[in-house]
Amino acid sequence: MTAKTSRDKRVEEKIRCDACPVMCYIADGKSGACDRYANEGGQLIRLDPLMVMQRRVDDGGELVPFLDGSDAWNGDLITPQDAFVTAVGAGTTYPDYKPAPFIVSSIVDDVDMVTVVSEGIFSYCGAKVKIDTDRHIGPECALVRVDGEPVGHVTTGEYGSQMLSLGGVHHLTGGGKKEGRVTCATLLALCNGDAVDMQVDDGSSLVLQAGKAPVINGVAEARMRVGCGSATIGMFAAQWHNLVDEVVIVDDHITGVMSEHQAGKVIGWPASGIKILGRRSTPGRYFQVAEPGTGWGGTNLTDPLAILGLFDPKIAMPGQSLLMVSTTGEQFAYYELDQDLQPVETAMPVRLQPSIKRIEENCEPALTSVSFMGGAGGSLRAGVTENPVMLTRSVKDALTRVTCGGAPVFIWPGGGITLMVDVTSLPENAFGYVPTPALVAPIEFTMRKDDYIALGGHVDHIMSIDDVLAGKVGPQNDHDLAGKRRFAQQPQNPWPIRR
Ligand code: SF4
């Protein structure tokens, strides 16, 4: 019987992943709790390939054929100046004082640049979700639940959209274990572009997926409204002039009345004697004509006549015409007053049909937008520099550009490095998780090498982009890469390394 080699012994033993605080022991052939790392013959492997972004030709890149089967790509085909090493698949180093997994040097327009690349572990993170709909999905501050667990809440609505604020440290760590796990899974799914079923307390059921139409109470939303009722009056007043005696745009927020509105006054629209049951704000603009709901214009109305009082007999006349329409043009009705000045619905005249179509045409497709929001102003910075606040200052001074998976981010003013990024601008499946629970998101910091030295960067760990493209890893990494994959720069994303 031959003696066991040291490698045999290593293989038999579990190895310890120290890429996050969980510190999994992983047996050979198995993966850790997050499925991001595995033990392959005693070697720790980052299972997802390192994603390298290839520059588009119209952004100054070279024309390089994009091959199928890019899994097997060996890094040869892209010239280094047309390659950007993203943090997707780069791995993490933990604890944070260790240098980031890749600190990559490149030359752009004869200037030495450095990109610090790491998958950040974000315990403080969440998603802001914009849902293009007028429909009432639930009261502000109502809890949003997934599998019965609270994962966020309805927040302040925006123009033509409802908004959710999901995740955050209180749901990830401040509630029960299941709440944290479900919140993390919800954020991960949304950020990776998967659909998630949600329920708003005292509100609607939702199916939300980034870049897709929201599904509200089982119905896919088609259009985002053209504007509020007042804005719709303003936009289309001239088109209705002399075609109808009165127009009412029904809207939960601001219902517009043509004959009273400034737009109608300017073009000489005569009074109609109409009476709106709501709180008058300014001429021709009414608040609170009904309760919020999923009916006409985001109200609970199924019959818009419910918002009308009696017409003034001193002004209104039998036969007078009235168009009522919602802010998306989905609901519309045409009426004429009878002898008792009561509106009677009749068929929509041909002359008014183009105006309804014009409202529809001006509505954009309803989408769900998911923005990942996270704080990179914490310990993650120590992987970039020995003096973390220097990185924060460098970002604020616009000397360091922050990207997520190569995509541009919005940095909030104020302290820290609090960023927001549209998840559809990242490569697919760019997000991961660890069961602490926290989300793992790619982050890159790009700056001139001079500035990196000045902020106390880990300059001894800089490696050339050629070495990274050749598959080498830095000495600070305990893990190997499973491979590399390249993907094309999205047309809307600027090239991240610019002077
Ligand atoms: S959860 Fe993942 S990253 Fe964390 S120690 Fe385990 S395998 Fe490593």
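We count residues from 1, following the sequence as given. When a ligand or atom number is given, it counts from 1 through the structure's own listing order. Note that the structure is a prediction, hence the values are computed from the model and not measured.
- Inspection of the Asp132 and Ser161 side chains reveals an N or O donor paired with an N or O acceptor under 3.5 Å.
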Could you go through Cys363 and Met224, starting from their C-alpha distance and side-chain angles, then the distance that decides it, and tell me whether this counts as side chain to side chain contact (heavy atoms under 4.5 Å, CB included)? CA-CA 5 Å; Cys363 293; Met224 181 180 181; 5.6 Å; no
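- Interface atoms of ligand 1 facing Arg36, defined by a heavy-atom separation under 4.0 Å, are 3 (S).
- Contact annotation: Cys24 places an N, O or S atom under 2.8 Å from atom 6 (Fe) of ligand 1.
- Side-chain contact of Glu221 with Thr133: a donor-acceptor pair under 3.5 Å is present, judged by distance alone.
- The protein heavy atom nearest to atom 8 (Fe) of ligand 1 is Cys17 SG, 2.3 Å.
- Taking every non-hydrogen atom of Gly32 and a distance limit under 4.0 Å, the qualifying atoms of ligand 1 come out as 7 (S).
- Within a 6.0 Å sphere centred on NZ of Lys212, heavy atoms belonging to other residues, nucleotides or ligands number 12 at most.
- For the residue pair Asp134 and Thr327, a side-chain donor N or O sits within less than 3.5 Å of a side-chain acceptor on the partner.
- Inspection of the Thr403 and Glu444 side chains reveals an N or O donor paired with an N or O acceptor under 3.5 Å.
- Annotation for ligand 1: atoms under 4.0 Å from non-hydrogen atoms of Pro435 are 1 (S).
- What sits closest to atom 4 (Fe) of ligand 1 on the protein, heavy atoms only, is Cys20 SG, 2.3 Å.
- The distance from ligand 1 to the heavy atoms of Cys34 drops below 4.0 Å at these ligand atoms: 1 (S), 2 (Fe), 3 (S), 7 (S).
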